[in-house]
Amino acid sequence: SAFVSSICNSKDVYNVTISCIELLGQRADVLISLIKSYMAEAIEHAPSTVAFDDFDAILHAEKDVKKNSIFFFFMFLIK
């Protein structure tokens, strides 16, 4: 949306982009560590935005047993 784009392009806001494709296939403990690291970076540079790039890759990971850790991790976060 235009609102999100304007926030992400603001010079007053620090942007953290998480590539969901890079997260695919990672073990749950690695995922937790990576997400904590990204969130710590965002908090350190607040105000910040955190963008999950290629988030739809997570939805497709549900069908792939090798990549399903990321799917279940995000389903846990959502619930």
Side-chain angles (χ1 to χ4, degrees):
S1 75
F3 176 71
V4 172
S5 294
S6 67
I7 291 173
C8 289
N9 293 326
S10 171
K11 291 180 170 73
D12 299 327
V13 177
Y14 186 81
N15 298 297
V16 176
T17 302
I18 300 172
S19 172
C20 293
I21 290 175
E22 290 179 12
L23 299 178
L24 293 175
Q26 298 290 340
R27 294 186 332 261
D29 61 329
V30 173
L31 290 174
I32 292 168
S33 176
L34 289 170
I35 298 297
K36 281 183 177 180
S37 173
Y38 287 122
M39 294 304 164
E41 179 183 354
I43 290 168
E44 180 181 333
H45 298 284
S48 308
T49 61
V50 178
F52 290 88
D53 192 30
D54 294 318
F55 191 76
D56 60 327
I58 294 169
L59 301 177
H60 299 296
E62 177 185 21
K63 297 175 183 133
D64 188 338
V65 175
K66 186 176 181 182
K67 297 178 181 176
N68 69 2
S69 290
I70 185 71
F71 174 78
F72 291 114
F73 177 76
F74 277 100
M75 291 302 104
F76 174 77
L77 288 178
I78 290 169
K79 293 180 182 196

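- No chain of hydrophobic side-chain contacts below 4.5 Å, direct or via other Ile, Leu, Val, Met, Phe, Trp or Tyr residues, connects Val50 to Ile43.
- Contact of the Ile35 side chain with the Leu23 side chain is registered, since non-hydrogen atoms from C-beta on lie closer than 4.5 Å.
- A chain of hydrophobic side-chain contacts below 4.5 Å, direct or via other Ile, Leu, Val, Met, Phe, Trp or Tyr residues, connects Tyr38 to Leu31.
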Residue pair Ser19, Asp53: steps toward the side chain to side chain donor-acceptor pair (under 3.5 Å) verdict: CA-CA 5 Å; Ser19 172; Asp53 192 30; 5.2 Å; no
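- Under the 4.5 Å side-chain contact rule for hydrophobic residues, Val30 and Met39 share a cluster.
- Of the N and O atoms on the side chains of Glu41 and Tyr14, at least one donor lies less than 3.5 Å from an acceptor on the other residue.
- Linking ILVMFWY side-chain heavy atoms closer than 4.5 Å, directly or via other members, places Val16 and Phe52 in a single hydrophobic cluster.
- Distance CG/Leu34 to CG/Asp29: 9.5 Å, rounded to 0.5 Å.
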